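Nothing here was measured: the structure is a model prediction, and the numbers come from that model. No hydrogens, no waters, no symmetry mates; every other heavy atom, side chains included, goes into these values.
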Amino acid sequence: MYRHKRNRYPILAAALLPLVVACGGEAAGSGGAAGSGSVARDPVAGVDWRVDSVTAHGTTLRAPAAARLRVDLDSAGGRGDGEGRAGGSLGCNLFSAPVTVHGDRIAFGALRTTRMACDPARMTFERTLAGVLGRHTLSSRADKGKLTLTTGHGERVDLSRNAPG
């Protein structure tokens with residue numbers, strides 16, 4: 001039992017690192033992003049996001065309740081940049097992928113998924129979401145508990161911060 005408690009702290013520290021870096025990147029009284037042209041943003045990494053919908057080819061599909069996304073960075077720079085892993089649920093199947101974050105840009109590597117079969121509507125949503133995440137570098141905008149990931153072609157994933165519990 002002692003071994004499990006001791007191993008929990010590095011995992012907790014790794015999970016909190018993106019939040020500490022995102023919140024502590026500016027010195028007190030430095031003015032932060034004022035006058036720099038930057039937009040203050042919520043952190044994208046280290047947050048459990050619920051997928052609300054995906055829009056592709058002019059059609060918006062509502063997400064199944066199980067659709068989730070989380071990005072965890074191995075190393076983060078002052079703006080929350082870095083490389084790491086993404087994972088979650090596409091609505092039916094679980095997925096994981098390497099991910100790179102640079103400023104407001106997020107690039108997912110090849111998605112690895114489980115191979116369960118679900119009803120046709122969930123499978124259509126899943127294929128659409130996997131296609132949007134896996135084919136493009138996405139721009140992100142996170143604000144007030146909402147996250148929008150958008151491709152250069154206008155495809156979009158809308159997410160909400162997952163309530164704890």
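Among residue pairs with one or both ends in residues 110-148, those qualifying as ring-ring contact (aromatic ring centres under 6.0 Å, His included) are His136-His153; sequence neighbours excluded. The disulfide bond (SG atoms under 2.5 Å apart) pairs that include a residue from residues 114-159 are Cys92-Cys118, where partners are two or more places apart or lie in different chains. Applying the side-chain hydrogen bond (donor to acceptor under 3.5 Å, both in side chains) definition to pairs two or more places apart or across chains, those involving residues 52-64 are Arg50-Asp52, Asp52-Ser160, Ser53-Asp158, Thr55-Thr60.
Distance CG/Leu138 to CD/Glu155: 9.0 Å, rounded to 0.5 Å. The line from CZ of Arg122 to CG of Leu61 is 14.0 Å long, rounded to the nearest 0.5 Å.
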Could you pull out all donor-acceptor pairs under 3.5 Å where a side-chain atom in residues 107-115 meets a protein atom, sequence neighbours excluded?
| residue | atom | partner | partner atom | Å |
| --- | --- | --- | --- | --- |
| Thr114 | OG1 | Asn93 | OD1 | 2.8 |
| Thr114 | OG1 | Leu94 | N | 3.0 |

**Request:** May I have the step-by-step check of side-chain contact (heavy atoms from CB on, under 4.5 Å) for Leu69 and Leu149, ending in yes or no?
**Result:** CA-CA 12 Å; Leu69 171 70; Leu149 303 175; 4.2 Å; yes

**Request:** Using the side-chain contact (heavy atoms from CB on, under 4.5 Å) rule, take Val157 and Val51 through it: C-alpha gap first, then chi angles, then the decisive distance, then the call.
**Result:** CA-CA 7 Å; Val157 181; Val51 180; 4.1 Å; yes

**Message:** Determine whether Ile106 and Thr137 satisfy the following criterion, side-chain contact (heavy atoms from CB on, under 4.5 Å), listing intermediate values before the conclusion.
**Reply:** CA-CA 6 Å; Ile106 299 177; Thr137 296; over 6 Å; no

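Between the side chain of Ser140 and the backbone N or O of Asp104 there is at least one donor-acceptor pair closer than 3.5 Å.
Across Leu147 and Ala142, no two heavy atoms sit closer than the pair CD1-CB, 3.8 Å. Contact record, Trp49 with Val44: NE1-O, 3.0 Å, taken as the closest heavy-atom pair.
The side chain to side chain donor-acceptor pair (under 3.5 Å) check on Ser96 picks up Arg85, with sequence neighbours excluded. Under the salt bridge (Lys or Arg N to Asp or Glu O under 4.0 Å) criterion, Arg68 pairs with no residue, sequence neighbours left out.
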